[in-house]
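Below is one structure; the comments refer to it alone.
Only a predicted model underlies this, so the values are computations on that prediction, with no experimental measurement involved. Basis for what follows: all heavy atoms, side chains included, without hydrogens, waters or symmetry-related copies.
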Amino acid sequence: MDRTKEIAGFLRSRRARVTPEDAGLPADGRIRRVPGLRRDEVARLAGVSTEYYTRLEQGRALNPSPEVVDAVTRALRLDDTEREHLTDLLHSSPGPAARRAPATTQRVRPGLYLMLETLDHVPAFILGRRTDVLASNRLAREVLTDFDALPANLRNMARYYLLDPKARETVGDWERLASETVAMLRFEAGRYPQDRRLADLVGELTLQVPEFTGWWNDHRVLRRTHGAKHYHHPLVGELHFSYESFQVPGDAEQTLCVYNVEPNSPTAQSLRVLASWTAPTIPTP
């Protein structure tokens, strides 16, 4: 990524969504040529000079203090994920010195594989960098797709949601979920602007997914936390989940995702049926 363009695009997009009324600024009678706040208004709210904020937005103010970042965060009403993304952008080194994703292959320790198998009544999986699917249990492979059957370099949640034609049919509210996945990739890109595999993935999605460029240019960022998921399964019908995501202890770049269901709910019953229909056959001695 071009660090300067990323900073400018992110800050412009964030100030465009905050109106003077939202910020408590009185009307000044000037004709507004931009949506949201002007640079001088953000500067006033943050307690810095317009010149300094302009340099900040243009990526020319290197390593601003935490106090300045906090002030801009308040002025633009950024959430915690957006603040972290802004900090990543502002403090990343341009060019070859920028932070790179670790070159080592991410591996799941045996205890986590055991945990996935223990959670055999609901879909569960572990995501790594770039939304790579590092491990999944049987119900996750039945409800989503069989990641284990794919080549290792193609086991990726963003690829599944955005490139698999079946995902558009089976994922409820596909557009929302797909756009949120793009926002998660953009958050990753802010952390590791020199990640070649992530850049290749973004390039592929740009070329193959018509909606991708618009979502990417929104500069929206998200991290996996919790929420609702809905799937139309071809065998058992509608499935509704409440998902929770947890950072794996000992590895902040792995995330355990669990699709919970209400006990005795229609989804719970459907999962029991699905598990029985798809259970592996045990050979007769």
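- Checked options Arg197, Gln254, Gln106; the residue passing with Asp132 is Arg197 (criterion: side chain to side chain donor-acceptor pair (under 3.5 Å)).
- Contact annotation: the side chain of Leu205 approaches that of Leu185 to within less than 4.5 Å [non-hydrogen atoms, C-beta and beyond].
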Quiz: residues 8-25 side-chain donor-acceptor pairs under 3.5 angstrom, not counting sequence neighbours:
| from | atom 1 | to | atom 2 | distance (Å) |
| --- | --- | --- | --- | --- |
| Ser13 | OG | Gly9 | O | 3.2 |
| Ser13 | OG | Phe10 | O | 2.7 |
| Arg14 | NH1 | Glu82 | OE2 | 3.0 |
| Arg14 | NH2 | Asp218 | O | 2.8 |
| Arg15 | NE | Glu57 | OE1 | 2.9 |
| Arg15 | NH1 | Leu37 | O | 2.9 |
| Arg15 | NH2 | Glu57 | OE2 | 3.0 |
| Arg17 | NH1 | Glu82 | OE2 | 2.9 |
| Arg17 | NH2 | Arg77 | O | 3.4 |
| Arg17 | NH2 | Glu82 | OE1 | 2.8 |
| Arg17 | NH2 | Glu82 | OE2 | 3.1 |
| Thr19 | OG1 | Glu21 | OE1 | 3.4 |
| Thr19 | OG1 | Asp22 | N | 3.0 |
| Thr19 | OG1 | Asp22 | OD1 | 3.4 |
| Thr19 | OG1 | Asp22 | OD2 | 3.0 |
| Asp22 | OD2 | Thr19 | N | 3.3 |

Can you give me every donor-acceptor pair (side chain of residues 118-128, partner residue at least two apart or in another chain, under 3.5 Å) with its distance?
| from | atom 1 | to | atom 2 | distance (Å) |
| --- | --- | --- | --- | --- |
| Thr118 | OG1 | Leu114 | O | 2.9 |

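- Of the charged side-chain nitrogens involved, at least one lies within less than 4.0 Å of a carboxylate oxygen, so that Asp200 and Arg196 count as a salt-bridged pair.
- In this structure, Glu41 pairs ionically with Arg38, as a charged nitrogen and a carboxylate oxygen lie closer than 4.0 Å.
- Environment of CD in Glu51: sparse, with no more than 12 heavy atoms of neighbouring residues, nucleotides or ligands closer than 6.0 Å.
- Taking each heavy atom of Pro66 and Arg83 in turn, the nearest pair found is O-NH2, 3.8 Å.
- Around atom CD of Gln58, more than 12 heavy atoms belonging to other residues, nucleotides or ligands sit under 6.0 Å away.
- With 3.5 Å as the limit, one finds a donor-acceptor pair spanning the side chains of Arg138 and Thr278.
- Sparse packing is recorded around CD of Glu262, with 12 or fewer heavy atoms of other residues, nucleotides or ligands lying under 6.0 Å away.
- Here the closest non-hydrogen pair linking Leu45 and Ala75 is CB-CB, 3.7 Å.
- For Ser242 and Asn260, the side-chain atoms include no donor-acceptor pair closer than 3.5 Å.
- Taken together through direct or relayed side-chain contacts under 4.5 Å among Ile, Leu, Val, Met, Phe, Trp and Tyr, Trp174 and Met184 form parts of separate hydrophobic clusters.
- Of the N and O atoms on the side chains of Thr145 and Arg141, not one donor lies less than 3.5 Å from an acceptor on the other residue.
- The aromatic rings of Tyr160 and Phe147 sit perpendicular, their planes meeting at an angle over 60°, well past the 30° parallel limit.
- Under the rule for a side chain to side chain contact (heavy atoms under 4.5 Å, CB included), the partners of Glu117 that lie at least two apart in sequence or sit in another chain are Asn137.
- Under a cut-off of 6.0 angstrom, the local environment of CG in Asp80 is sparse, with at most 12 non-hydrogen atoms contributed by other residues, nucleotides or ligands.
- We find that Arg130 and Glu253 are not joined by a salt bridge, their nearest charged nitrogen and carboxylate oxygen being 4.0 Å or further apart.
- Tyr243 carries Lys229 over the face of its six-membered ring, with the cationic atom under 6.0 Å from the centre and within 45° of the normal.
- Atom-to-atom distance recorded for Arg168:CZ and Leu163:CG is 9.0 Å, nearest 0.5 angstrom.
- Nearest approach of Thr267 to Val261, heavy atoms of both residues: CG2-CG1, 3.5 Å.
- A perpendicular orientation is assigned to the rings of His232 and His230, their planes being inclined by more than 60° (bins at 30° and 60°).
- Residues Leu162 and Trp215 come closest through the heavy atom pair CD2-CZ3, 3.9 Å.
- Residues Leu116 and Ser136 have side chains not in contact (no heavy-atom distance under 4.5 Å, counting atoms from C-beta outward).
- Partners of Thr225 under the side chain to side chain contact (heavy atoms under 4.5 Å, CB included) rule, at least two apart in sequence or in another chain, are Arg223.
- Applying the ring pair (Phe, Tyr, Trp, His ring centres under 6.0 Å) definition to pairs two or more places apart or across chains, none involves residues 40-74.
- For Glu180, the side chain to side chain contact (heavy atoms under 4.5 Å, CB included) criterion is met by Arg176, Leu177, Arg220, Leu222, not counting sequence neighbours.
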